[in-house]
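Take a look at the structure below.
Values below: every heavy atom of this structure, side chains too, minus hydrogens, waters and symmetry copies. Remember, it's 1-based here, ligands and their atoms both numbered in the order they're listed.
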Amino acid sequence: MNTEFELAESYARKLDLENSLAKFRERFYVPDQTMYMDGNSLGLMCKESRSSVLRVLDEWATLGIRGWLEAKPPWFYFAEQLGSMCASLVGAAADEVMVTGTTTVNIHQLVNTFYRPIGERRKILADELDFPSDIYALKSILKLRGANPDIDLILAPSKDGRILDERELVELMDDNVSLVFLPSVLYRSGQLLDMQYLTEEAHRRDIVIGFDCCHSVGSVPHHFDTWGVDFATWCSYKYLNAGPGSTAFLYLDKKHFSREPALAGWFGYVKERQFDMSLEFEPSRNAGGWQISSPSILSSAPLEASLKVTLEAGIEAIRKESLRMTAYLMYLIDHSLSQSPYNFSIGTPREDQRRGGHVAIEHEEGLRIGEALRSRGVIPDFRPPNILRIAPIPLYNTYHEIWQVTQHLKDIIDKGEYERYSKQRRAVS
Ligand SMILES: Cc1ncc(COP(=O)(O)O)c(C=O)c1O
């Protein structure tokens with residue numbers, strides 16, 4: 001059990017004074033009277049995003065179609081520019097990262113590109129704790145390719161419904177496996193998988209491996225090139241704060257640039273010749289080749305600003321502070337709320353190298369406690385069956401807020417306040 005912190009409110013204030021990223025909070029719109037702990041579902045809006053969206057709207061109003069080349073930066077190269085800005089966050093070269101599509105569409109694009117069943121080697125390995133959309137995508141890909149998901153999709157089991165054992169994952173990488181697709185951070189427990197180890201072991205067995213990094217990019221440093229990861233995709237609306245439904249990213253190791261993108265579209269065409277309008281597809285020989293359609297300029301605009309803020313803060317500094325914040329939250333739960341009558345427990349791994357940016361707080365009344373938190377101005381999210389996810393974000397949350405969240409949890413139990421709420425889940429929780 002972690003003992004490096006203290007329980008007193010004054011200690012939270014002291015941690016805030018030591019927080020080297022505290023100055024970034026004023027760069028964000030923090031909703032009034034709110035402790036926003038939901039950055040792992042939808043990050044807050046940074047103030048500069050408003051100006052970048054307004055700039056694009058003005059460009060559209062004044063330039064019309066000329067904006068594709070005359071806007072600053074030109075819309076035609078905007079996705080490439082944002083991709084290269086993000087490359088340092090994931091340890092990639094500028095042309096290995098592209099802003100395009102959405103996470104699930106990118107999974108279809110990348111897995112279809114890399115899934116090459118040959119002879120007995122025709123299975124895809126994923127896991128039973130995966131985000132559902134990933135599994136829907138993998139199953140539909142297998143069906144479209146004439147395979148049987150009941151046989152050809154292996155879902156690595158978890159012993160406790162929270163955590164995956166990397167060694168057991170590797171044991172499942174046998175001669176029948178063609179491709180492995182896993183999350184970097186599990187969306188419920190917050191476990192961070194050892195991507196380097198898994199990649200090395202997959203490659204030792206000639207298996208291609210990719211990752212869904214929605215819950216890690218912007219929170220955890222990645223070293224895709226060094227680790228040798230084949231491909232990855234991630235969204236921009238969680239830790240990258242680019243807004244609801246904003247454009248996603250994809251990464252391809254440059255050794256794969258000569259492959260044929262599975263889902264071809266005109267924005268994947270070699271840029272200099274795209275407007276030749278040839279009917280023969282000639283993909284860009286970089287991650288841009290995996291674009292399909294026109295980039296969504298309006299949804300990329302907020303990302304431009306929020307990426308700049310993340311880069312300015314520095315991913316190593318963000319990770320350091322995030323680990324301290326989540327460790328502090330776990331300490332407070334362990335030391336003040338784990339015993340009866342509170343009975344909160346932590347479902348997230350304790351080791352720094354094994355957790356991402358959120359903490360899974362488990363309680364049998366998690367759903368109703370979450371509702372009580374909301375009415376007190378604390379925004380968590382809830383994932384069935386009993387998990388309150390709390391994501392303290394170093395760019396805009398404070399240690400004092402974390403301390404207050406635990407006081408609210410205590411008070412809600414002391415007063416039986418959760419009993420007032422329905423056991424019915426909202427449409428978005
Ligand atoms: C881990 C993970 N993968 C995939 C998705 C789906 O993303 P999208 O709606 O961009 O396809 C989400 C959405 O929250 C997610 O958390």
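- For Phe231 and Phe114, the gap between ring centers is short of 6.0 Å.
- Relative orientation of the His223 and Trp227 rings is perpendicular, given thresholds of 30° and 60° on the angle between their planes.
- A centroid separation of 6.0 Å or more is found between the aromatic rings of Phe211 and His222.
- Every protein residue with a heavy atom nearer than 4.0 Å to ligand 1 is included here: Thr102, Thr103, Thr104, Phe131, Asp134, Asp212, Cys214, His215, Tyr237, Lys238.
- With Tyr197 as the aromatic partner, Arg167 meets the cation-pi criteria of under 6.0 angstrom to the ring centre and within 45 degrees of the ring axis.
- Remark: aromatic rings of Phe275 and Trp266 are close, center separation under 6.0 Å.
- No cation-pi contact links Lys47 to Phe28, judged by a cut-off of 6.0 Å to the six-membered ring centre and 45° from its axis.
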